[in-house]
Number of protein chains: 2
Amino acid sequence: MPDTTGIDLDAMRKTAADTSALLKTLANPDRLLLLCQISQGECCVGELEEALDIHQPTLSQQLGILREEGLVNTRREGKRIYYSIASEKAMAVMQVLYEQFCKPAARRKSAARAH
Amino acid sequence: MPDTTGIDLDAMRKTAADTSALLKTLANPDRLLLLCQISQGECCVGELEEALDIHQPTLSQQLGILREEGLVNTRREGKRIYYSIASEKAMAVMQVLYEQFCKPAARRKSAARAH
DNA sequence: TCAATATAATACTTTTTAATATATTATCTT
DNA sequence: AAGATAATATATTAAAAAGTATTATATTGA
């Protein structure tokens, strides 16, 4: 009987590596705030800077990481560059994070209802 | 008119920090595999070691991190220590990760259906 | 004393973060 | 067209902090 355990495990490891790559990209407060803001509608760097009060080089650096990891798209309009969400997977995770961390009251209610 | 922007932003930063702490804990392939396994039912260290082929001190170290961060519970039974999931938030995130990374076919179908 | 698990100690590499400076691209003014 | 300004990106670097893997040892219970 062939040992299929190792094969499955290799596939799982690969998936785990991909998954943890996304999580790692998300695991930074600035980037979470940026994605949160961008997810509510396309915005340019200046708007992000003002809304989140992160100073420009840091902002650009973090946006660069989000770009490299394929989480956001960009579009130039004159001097400005507009960012929007590019990754469904990232959005799916952000949605859950929002439910778990930003809407605790509502969550508790529906959890209670479920009992 | 008081500037309420800063107050909201502080709250958001706090939430973002909490959120990224969880993400950081999850952002490691070994820990993802461990949680995945444990989420399918309580298991002891030996079972995890065999199922995932991670060697003992590393395993114990990663389990230690999951414990410290409150993601898992432990229960001793004789020589063995059984691990189970302790965090609803972590499970909610794991569930989405599973849907996004481990069930791509099913996901694509339902996405297509939605059009 | 053995089995199961945890902790400690260490050495190493890799990341992260933050700050400052500079470059690029586009628009505006004269 | 020249130069000034605005918006954004890139480069550089320094310092701190984390992550990883390994080997050895300790704890707890049977």
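Note on naming: letters A, B, ... go to the chains in the order of the sequence lines (proteins, then strands), and numbering restarts at 1 for each one.
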Practice task
Quickly work out the B:L66 CG to C:dT5 P distance and round it to whole Å.
Solution key: 16 Å
Problem - N or O in side chain of A:K24 less than 4.0 angstrom from C:dT16 OP1/OP2 - result: yes
Handout entry: Distance, rounded to the nearest Å, where A:Q61 contributes CD and C:dT16 contributes P
Key = 11 Å
Handout entry: B:Q37/B:C43 under side-chain contact (heavy atoms from CB on, under 4.5 Å): CA gap, chis, key distance, verdict
Key = CA-CA 8 Å; B:Q37 194 72 26; B:C43 28; 4.2 Å; yes
Handout entry: Ion pair B:K14/B:D18, N-O distance below 4.0 Å
Key = yes
Practice task
Start with the C-alpha gap between A:L23 and B:L32, add the side-chain angles, then the distance that decides, and say whether side-chain contact (heavy atoms from CB on, under 4.5 Å) holds.
Solution key: CA-CA 10 Å; A:L23 292 172; B:L32 282 177; 3.9 Å; yes
Practice task
Describe the nucleic acid contact of B:R31 in one word from base, sugar-phosphate, nothing, applying a heavy-atom distance below 4.0 Å.
Solution key: nothing
Practice task
Taking only the side-chain nitrogens and oxygens of B:N28, find out if one of them lies under 4.0 Å from OP1 or OP2 of D:dA18.
Solution key: no
Completion exercise
Taken to the nearest whole Å, CG/B:L59 to P/C:dA4 is 14 Å
Exercise for the section: Return the value, rounded to whole Å, for the distance between atom CZ of B:R80 and atom C1' of D:dT27. Expected result: 18 Å
Problem - Heavy-atom protein contacts under 4.0 Å, nucleotides 20-30 of chain C, coded B base, S sugar-phosphate only, - none - result: BB---SBS---
Problem - Residue of the set A:V72, A:L66, A:L71 for which side-chain contact (heavy atoms from CB on, under 4.5 Å) holds with A:L34 - result: A:L66
Fill in the blank from the handout: For DNA chain C, the dot-bracket notation using Watson-Crick and G-U wobble pairs below 3.5 Å, [ ] for pseudoknot-type crossings and | for other-strand pairs, is ||||||||||||||||||||||||||||||
Exercise for the section: Please examine the side chains of B:D30 and B:L59, heavy atoms only from C-beta on, and report whether any two atoms are closer than 4.5 Å. Expected result: no
Fill in the blank from the handout: Minimal heavy-atom distance between A:P29 and B:A17, with the atoms involved, is CG-CA, 4.2 Å
Fill in the blank from the handout: All heavy atoms of B:Q62 vs all of B:R31, minimum pair found to be OE1-NH1, 2.7 Å
Fill in the blank from the handout: Heavy-atom closest pair (A:T15 atom, B:F101 atom, distance to 0.1 Å) is CG2-O, 3.7 Å
Handout entry: Residue-phosphate contact under 4.0 Å: B:R75 side-chain N/O, C:dT5 OP1/OP2
Key = no
Handout entry: Rounded distance in Å - CD1 (B:I54) to C1' (D:dT20)
Key = 13 Å
Handout entry: Atom pair distance, as rounded to whole Å: CD1 in B:I81 and P in D:dG29
Key = 9 Å
Problem - Options C:dA19, C:dT7, D:dT20, nucleotide nearest the side-chain atoms of B:Q62 - result: D:dT20
Practice task
Assign B:Y82 to base, sugar-phosphate, or nothing according to its heavy-atom contacts below 4.0 angstrom with the strands shown.
Solution key: nothing
Handout entry: 5' precedence on DNA chain C between A:A27 and B:Y83 (nearest-nucleotide basis)
Key = B:Y83
Completion exercise
B:R67 CZ to C:dA6 C1', in whole Å, measures 7 Å
Completion exercise
Closest heavy-atom pair, A:A86 versus A:G70, reported as atoms and distance to 0.1 Å, is CB-O, 3.6 Å
